[in-house]
Protein chains: 2
Amino acid sequence: MSSIKEVARLAGVSVGTVSNVLNRPELVAQETRLRVQAAVAQLGYVRNGSARHLRAGRSRTIGVVALDLSNPFVIDVLRGVEAAAETADLNVMVVNSSKDAAREARLLEMFEEERPFGVLITPVNAEGQDRRLGRLVARGIPVVVFDNSSRQGRGCAVAADDVLGGRLAGLHLRERGHRHIAFAGGPFTVRQVEERHQGLAGAMTPGDRLTVIPLPDLTVATGRTAGEQVAGLSRADRPTAVFCANDLVALGVLQELTRHGLRVPDDVAILGYDDIDFAAAAAVPLSSIRQPREQLGHTAALMLLEEANQPDFHEHRQVIFQPDLVERASTARAR
Amino acid sequence: MSSIKEVARLAGVSVGTVSNVLNRPELVAQETRLRVQAAVAQLGYVRNGSARHLRAGRSRTIGVVALDLSNPFVIDVLRGVEAAAETADLNVMVVNSSKDAAREARLLEMFEEERPFGVLITPVNAEGQDRRLGRLVARGIPVVVFDNSSRQGRGCAVAADDVLGGRLAGLHLRERGHRHIAFAGGPFTVRQVEERHQGLAGAMTPGDRLTVIPLPDLTVATGRTAGEQVAGLSRADRPTAVFCANDLVALGVLQELTRHGLRVPDDVAILGYDDIDFAAAAAVPLSSIRQPREQLGHTAALMLLEEANQPDFHEHRQVIFQPDLVERASTARAR
DNA sequence: GAACTCGATCGAAACGATTTTCTCCGGTTA
DNA sequence: TAACCGGAGAAAATCGTTTCGATCGAGTTC
């Protein structure tokens with residue numbers, strides 16, 4: 001209820017002095033400082049964020065537009081963001097576009113009004129949001145795109161090398177003796193999906209067989225349909241391994257194969273992507289391509305800080321992380 | 001970059017008129033309105049949120065302090081909150097206490113400064129936060145506690161009936177013929193855990209056997225240790241069903257039992273709690289007690305709105321939802 | 001045609017901080 | 001003793017809105 005004015009009155013000083021006590025205490029004589037602090041305590045005074053932000057021109061909040069909060073992958077990225085934000089004394093405001101472009105647009109409009117410290121975003125699609133992001137940047141709000149490197153060269157971005165991830169998957173499965181591999185994922189307009197597939201294909205050898213099971217989306221539900229397709233194939237046509245575009249799909253495939261009495265990995269091996277915690281927790285623990293999730297978020301936040309603090313001196317850049325393979329039971333060597 | 005002043009100048013009107021065009025267009029003559037709107041478009045003017053909030057005394061953002069974002073349960077609750085917020089033209093700012101009381105305290109301090117529209121919170125513990133929440137309320141910021149009914153009678157709260165959930169679990173397992181049931185969960189200082197256990201115990205009959213497997217936490221990892229314990233028991237001492245305090249634990253138990261060659265549900269049935277999507281996605285789809293997750297969040301947000309809009313007229317109340325049972329393979333009738 | 005209405009607009013006072021400039025005063029220095 | 005310095009606070013400008021009287025014509029009414 002009480003504002004800085006009342007604190008000033010109670011302490012018998014001007015509001016400017018109270019502000020100094022709060023923000024640059026070394027400028028204030030000790031006796032005065034103590035008097036002000038006592039007044040603050042007595043009134044239970046708390047600074048008004050809106051007023052501060054108005055004066056400062058921007059708030060101390062980083063806005064994060066997540067693509068899909070129900071993918072645990074994102075939660076871990078957020079953890080990294082929060083860690084970086086905390087050391088810089090910034091807040092993190094998470095909002096969820098749920099892969100909905102209209103919703104994303106609304107959220108970005110909201111951020112335009114709120115003048116946040118910066119915005120981290122995984123855009124729904126590569127083109128549509130460019131204009132809107134450009135408007136943010138024009139307003140002096142730094143933007144870093146994470147987990148989506150399609151805006152090459154246009155601004156700061158952090159992502160993982162999905163082609164490499166796909167290649168690692170392919171090499172691993174081949175090394176395990178698989179010569180007929182299926183790729184389950186989609187839509188291929190999503191960069192990640194396309195690149196993971198591309199990496200897999202590149203790791204295969206003439207004579208190998210690659211079956212693509214296109215999916216409209218990367219969820220457990222679509223994974224189940226993929227699993228059903230695989231289970232329905234004759235033994236000769238059935239791939240001996242399925243590489244899934246993410247772990248949610250892999251869980252769906254695993255469930256359906258199990259339900260049809262196929263053994264994992266003996267009949268069909270499964271390899272996922274992202275290494276979410278639930279992958280390790282599956283009944284047959286899933287092998288998966290791991291991305292440095294927390295680090296991804298952490299780095300994105302640091303780049304944002306840099307851009308915000310040295311707006312003139314700053315040069316945009318793209319950081320690409322290397323994924324690696326986590327081997328578990330679902331791709332164990334057949335007995 | 002441009003403020004309302006520049007819009008006013010360009011349109012040849014006063015700032016007050018511009019504000020009216022933006023907020024109460026019906027007060028402004030059409031010709032003027034069009035002129036102002038043209039100026040807004042030409043300058044790319046966007047309102048400054050901080051200034052609006054300063055004037056209004058509070059922002060249009062609902063703060064949500066989640067206990068643990070890595071539990072998918074929470075994400076679904078958030079979906080409900082967002083839906084309600086959207087229709088009221090409010091933003092949702094999600095932060096994560098990660099079950100850390102100190103962190104929670106910091107976040108609440110932050111919210112005290114930001115003067116949000118209201119705060120939704122699942123407190124880390126029932127006592128510590130009462131003072132801080134009280135301070136928010138004293139500042140006129142409405143608070144609704146969700147998914148934790150321990151603050152009985154002290155303010156608005158939304159939760160599910162966990163005793164009933166436990167009872168449903170017990171009745172279901174007994175009906176399936178189980179007479180030796182284990183309860184895996186903890187710590188018992190957490191209301192939910194205690195009440196679910198209590199409900200289970202109440203549903204059992206003299207002569208039945210109830211084994212408690214205490215856990216320090218409700219995660220997949222601790223679930224695995226529970227599963228290991230169960231698997232290590234002799235056939236005579238082994239419960240025929242395990243009721244888990246949440247689905248994460250259940251997944252861990254399932255994994256470990258499978259690893260030890262025990263069949264679910266034939267050797268041991270498993271029943272989880274929360275019905276997160278991953279429960280249905282498990283290799284053996286898990287039966288689970290379902291709480292109306294989205295509705296829980298939706299209701300909490302609506303109560304917040306009510307409290308915010310009729311501060312005088314409002315009466316605190318506690319809403320308790322009824323859980324129900326979702327039957328899947330993990331508790332199917334033994335063959 | 002004087003008094004009144006009424007709709008449309010203006011101008012100024014908040015809202016609560018931060019920051020810059022100005023004033024004051026005791027103490028140094030030449 | 002005059003000029004200067006520097007520390008400590010006060011005072012005022014400022015950030016961008018909203019909102020509330022005041023104002024000002026153009027019609028109405030008697």
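Everything numeric here is computed off the predicted structure, so don't read it as measured data. In the text below, chain A, chain B and the rest are named by the order of the sequence lines, each starting its count at 1.
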(message) If you compare every side-chain N and O of N23(A) against the phosphate oxygens of dT18(C) (OP1, OP2), does one of them come in below 4.0 Å?
(response) yes

Between [N] atom [atom2] and [X] atom [atom1], what is the distance in whole Å?
X      : N       : atom1 : atom2 : result
R60(B) : dT17(D) : CZ    : C1'   : 15 Å
L27(A) : dT21(C) : CG    : C1'   : 15 Å
L34(A) : dA8(D)  : CG    : P     : 14 Å
H53(B) : dG16(C) : NE2   : P     : 15 Å
R52(B) : dA17(C) : CZ    : P     : 20 Å
R47(B) : dC15(D) : CZ    : C1'   : 18 Å
N20(B) : dT17(D) : CG    : C1'   : 12 Å
R55(A) : dT14(D) : CZ    : C1'   : 5 Å

Tell me which nucleotide among [options] gets nearest to the side chain of [X].
X      : options                   : result
L54(B) : dT18(C), dG16(D), dT17(D) : dG16(D)
I4(B)  : dT18(C), dT9(C), dT17(D)  : dT17(D)
V13(B) : dC10(C), dG16(D), dA12(D) : dC10(C)
R24(A) : dT9(C), dT17(D), dT19(C)  : dT19(C)
S14(A) : dG16(D), dA11(D), dG11(C) : dA11(D)

(message) Between N23(A) and R47(A), do the side chains contain a donor N or O and an acceptor N or O under 3.5 Å apart?
(response) yes

(message) By the definition side chain to side chain contact (heavy atoms under 4.5 Å, CB included), identify the one residue from L120(A), L136(A), L304(A), V119(A) that meets it with P142(A).
(response)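 For P142(A), the side chain to side chain contact (heavy atoms under 4.5 Å, CB included) test succeeds with only one of L120(A), L136(A), L304(A), V119(A), which is L304(A).
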
With sugar-phosphate meaning primed atoms plus P, OP1 and OP2, does [X] contact a base, only sugar-phosphate, or nothing at under 4.0 Å between heavy atoms?
X      : answer
V36(A) : nothing
V18(A) : nothing
S19(B) : base
G49(B) : nothing

(message) Assuming nearest nucleotide by heavy-atom distance, tell me which of R33(A) and A51(B) is located more 5' along DNA chain D.
(response)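 First, find each residue's nearest nucleotide; the 5'-ward one identifies R33(A).
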
Could you check whether [X] pairs with [Y] (Lys NZ or Arg NE/NH1/NH2 to Asp/Glu carboxylate O, under 4.0 Å)?
X       : Y       : value
E109(A) : R132(A) : yes
D274(B) : R293(B) : no
E82(B)  : R103(A) : yes

(message) Taking the nucleotide of DNA chain C with the nearest heavy atom to each, does M1(A) or T17(A) sit closer to the 5' end?
(response) M1(A)

